[in-house]
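Notes for the one structure printed next.
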Amino acid sequence: MATSAVRGSILSFTKDPFFNAPEDSHTFIEDGLIITQDGHIKSVGPYTPQAAEGLTVDHYKDAIICPGFIDSHIHYPQSQMIGAYGEQLLEWLNTYTFVAEQDFASRKHAGKVAKIFLQELLRCGTTTAAVYCTVHVESVEAFFEHSSALNTRMIAGKVLMDRNAPAPLLDTAERGYEESRALIEQWHGRGRQLYAVTPRFAPTSTPEQLDAAARLWHEHPGTYLQTHLSENLGELAWVKELFPDCDRYLDVYKKFNLVGPRSIYGHCIHIDEPDFADFNRLNATMGHCPTSNFFLGSGCFKLFEAKKAARPVKVALGTDVGGGTSFSILETLNEAYKAAQMNQTRLNAFQGFYLATRGGAEALDLGDKIGSIEPGYEADFIVLDLKATPMMEFRMDYAKTLAEKLFVFMTIGDDRSVRATYVAGRKMEF
Ligand code: GUN
Ligand code: ZN
């Protein structure tokens with residue numbers, strides 16, 4: 001049996017700090033010990049020499065161990081065009097995204113990018129992500145193969161597009177259905193891999209394809225549905241033209257039965273109370289992607305409206321690379337804080353770290369498997385370095401409380417803050 005032991009300060013969440021006092025929402029063990037066995041957490045508690053007896057212990061000083069980060073929205077084929085200049089959503093898609101995605105007809109190219117992408121996620125401390133591939137089956141196979149080899153828990157799927165994109169990126173309602181079905185059969189639930197039915201967004205699918213996407217999703221219980229919603233005003237106007245009988249953008253997805261548990265909607269910027277109420281009632285998830293929303297000039301997500309106690313909406317963080325400008329969830333939290341500020345609200349460090357870990361897991365319906373450091377959970381956790389750089393070390397010296405230290409990670413932290421990443425109990429190389 002594969003056993004490992006890790007010692008250090010351990011942070012984990014027990015409740016949602018948006019609705020509970022911060023001190024009641026988490027556990028923090030100043031000098032703790034995690035013992036893992038066969039990919040799961042066997043025990044966690046204060047370090048004692050007896051508890052560690054007979055084990056080789058990785059001891060991390062000047063660090064905080066927390067659950068691996070969770071990214072609810074990212075496009076692996078866009079790794080090669082992250083940070084592309086000058087456009088907002090619809091022009092950006094045509095100018096950069098749809099060009100890059102055509103390269104993924106090549107299995108070799110897809111494999112190369114999937115490998116770099118997964119390595120980068122682990123380097124940034126992200127252990128689970130909901131990932132868009134491209135329209136090509138090859139892109140999905142390459143991704144799941146690499147994720148399986150690493151034993152990472154990933155959600156991914158083939159993009160469905162049958163209109164309004166270049167011909168090499170189009171499938172048809174029928175072909176998209178058949179290819180997705182075969183991929184679900186091959187990959188969903190295989191090891192730690194999970195499948196997401198992935199209609200890109202309403203404008204690139206015909207009504208027939210949206211219908212086929214709903215059938216795929218409902219015929220395969222446990223699969224996810226991921227797409228984009230209300231990111232950009234030009235997009236909204238276009239959706240209105242394409243679906244004139246739908247009053248609101250969300251009505252399109254509702255009409256086609258695409259909103260429910262395990263559906264993940266990226267962005268959700270230009271929405272209001274009826275949409276929040278629908279998300280709450282239908283138990284769907286919003287992906288908050290602040291680096292992308294600023295980079296593409298889309299707007300500010302209304303996080304504290306989503307997280308209203310009277311009708312809470314499930315929210316997870318997303319990087320949205322390559323619309324997003326960083327793979328790092330710490331950098332994403334920095335921008336989430338600024339987005340909240342722009343709305344005259346404050347995202348505190350416990351709320352931020354909750355979204356990045358347990359909150360993200362719950363929003364992805366994985367709250368009983370990942371996102372927490374407690375016995376029985378899958379052993380995905382990371383080691384955040386309080387002294388990653390001379391400046392960070394200097395700044396941390398002036399951060400006295402746990403809340404202050406976490407907030408410094410959340411504002412000036414990045415990939416350099418991640419000293420180690422454990423996946424299913426195994427320390428990953430990066
Ligand atoms: N809307 C439809 N496709 C995309 C995409 O690839 N990125 C972003 N940010 N928004 C989208
Ligand atoms: Zn996206």
Side-chain angles (χ1 to χ4, degrees), residues 66-84 96-97 100-101 103-104 106-134 139-157 192-194 196 226 266 287 289-292 295 316-336 356-357 360 364 370 380-385 388-389 392 409-410 412-424 426-430:
C66 73
F69 292 145
I70 294 169
D71 185 337
S72 70
H73 186 112
I74 187 163
H75 301 253
Y76 98 84
Q78 296 175 16
S79 303
Q80 68 199 60
M81 39 72 64
I82 183 173
Y96 300 112
T97 314
E101 293 194 5
D103 290 348
F104 289 73
S106 156
R107 174 62 183 265
K108 191 165 166 226
H109 181 77
K112 182 178 88 176
V113 181
K115 193 169 176 193
I116 291 171
F117 171 87
L118 283 161
Q119 198 63 16
E120 187 63 11
L121 286 187
L122 295 176
R123 228 174 52 72
C124 291
T126 298
T127 48
T128 289
V131 180
Y132 287 63
C133 302
T134 65
S139 74
V140 186
E141 289 173 344
F143 181 79
F144 278 133
E145 264 173 31
H146 282 284
S147 178
S148 289
L150 295 167
N151 198 23
T152 39
R153 186 170 275 295
M154 291 286 157
I155 303 168
R192 303 185 78 197
Q193 310 313 309
L194 297 164
Q226 60 182 354
C289 307
T291 76
S292 170
F295 183 69
L317 295 168
T319 58
D320 192 34
V321 165
T325 48
S326 171
F327 287 81
S328 165
I329 287 290
L330 291 176
E331 290 188 88
T332 303
L333 279 173
N334 184 20
E335 301 307 299
T357 59
L364 297 184
I370 56 168
D380 294 346
F381 50 83
I382 62 177
V383 181
L384 295 176
D385 192 341
T389 69
M392 289 180 197
F409 274 132
M410 174 170 151
I412 63 167
D414 55 31
D415 56 325
R416 296 169 297 179
S417 307
V418 179
R419 202 190 296 170
T421 299
Y422 287 77
V423 169
R426 196 160 58 92
K427 186 177 175 191
M428 307 306 278
E429 303 284 332
F430 55 73

- line: Closest non-hydrogen atoms of Asn151 and Ala424, given as atom of the first, atom of the second and distance, are ND2-CB, 3.5 Å
- request: Taking ring-ring contact (aromatic ring centres under 6.0 Å, His included) as the test, write out the residues that go with His146, two or more places apart.
  value: none
By side-chain contact (heavy atoms from CB on, under 4.5 Å) - contacts of Ala420 (at least two apart): Tyr60, Val383, Tyr422, Lys427
- request: Could you grab the distance from atom CD of Glu335 to atom CZ of Phe295, nearest 0.5 Å is fine?
  value: 12.0 Å
- prompt: Under 3.5 Å, is there a donor-acceptor pair between the side chain of Thr291 and the main chain of Thr325?
  reply: yes
task: To the nearest 0.5 Å, tell me how far Gln78 CD sits from Glu101 CD.
output: 5.5 Å
- line: salt bridge (Lys or Arg N to Asp or Glu O under 4.0 Å) pairs touching residues 110-132, sequence neighbours excluded, are Glu120-Arg123, Arg123-Asp415
- prompt: Stepwise, does the side chain to side chain contact (heavy atoms under 4.5 Å, CB included) test hold for Asp71 with Thr128?
  reply: CA-CA 6 Å; Asp71 185 337; Thr128 289; over 6 Å; no
- request: Going by the side chain to side chain contact (heavy atoms under 4.5 Å, CB included) test, name the single residue among Leu150, Ile382, Leu122 that passes it with Val423.
  value: Leu122
- prompt: Are the side chain of Gln226 and the backbone N or O of His73 linked by a donor-acceptor pair below 3.5 Å?
  reply: no
Side chain to side chain contact (heavy atoms under 4.5 Å, CB included) evaluation trace for Asp103 with Val113: CA-CA 10 Å; Asp103 290 348; Val113 181; over 6 Å; no
- prompt: Can you find a heavy atom in the side chain of Thr127 that is under 4.5 Å from one in the side chain of Ile370?
  reply: no
- prompt: Looking only at heavy atoms, what is the nearest atom pair of Ser292 and Asp320, with distance?
  reply: OG-OD2, 2.7 Å
message: Quick check: closest heavy atoms across Phe144 and Met154, and the distance to 0.1 Å?
response: CE2-O, 4.3 Å
task: Return the set of residues passing ring-ring contact (aromatic ring centres under 6.0 Å, His included) with Phe409 (not counting sequence neighbours), or none when no residue passes.
output: none
message: Could you check whether any side-chain heavy atom of Ile70 comes within less than 4.5 Å of a side-chain heavy atom of Thr357, counting everything from C-beta outward?
response: no
query: Can you name the side-chain hydrogen bond (donor to acceptor under 3.5 Å, both in side chains) partners of Thr134, sequence neighbours left out?
result: His136, Ser139
message: Using side-chain heavy atoms (C-beta onward) and a distance below 4.5 Å, is Asp414 in contact with Leu330?
response: no
task: Compare every heavy atom of Ser72 with every heavy atom of Ala316, then report the nearest pair and how far apart it is.
output: CB-CB, 3.5 Å
field: Donor + acceptor pair across side chains of Ser147, Thr152 (<3.5 Å)
entry: yes
task: Heavy atoms only: give me the nearest Ala356-Leu333 pair and the separation to one decimal.
output: CB-CD1, 4.3 Å
query: Mind checking whether Phe104 and Gln80 have side chains closer than 4.5 Å, heavy atoms only?
result: yes
- prompt: Under a 4.5 Å cut-off applied to non-hydrogen side-chain atoms, are Thr319 and Thr126 in contact?
  reply: no
query: When the aromatic ring centroids of Phe69 and Phe327 are compared, is their separation below 6.0 Å?
result: no
- prompt: Do Asp380 and Pro67 come close enough that some side-chain heavy atom pair is under 4.5 Å?
  reply: no
field: Contacts of type side-chain contact (heavy atoms from CB on, under 4.5 Å), residue Ile412, not counting sequence neighbours
entry: Met392, Arg395, Val408
- request: Over all heavy atoms of both residues, which pair between Leu317 and Ile329 is shortest? Give the atoms and the distance, please.
  value: CD1-CG2, 4.0 Å
task: Kindly compute the distance separating OG (Ser417) from CD (Glu331), expressed to the nearest 0.5 Å.
output: 8.5 Å
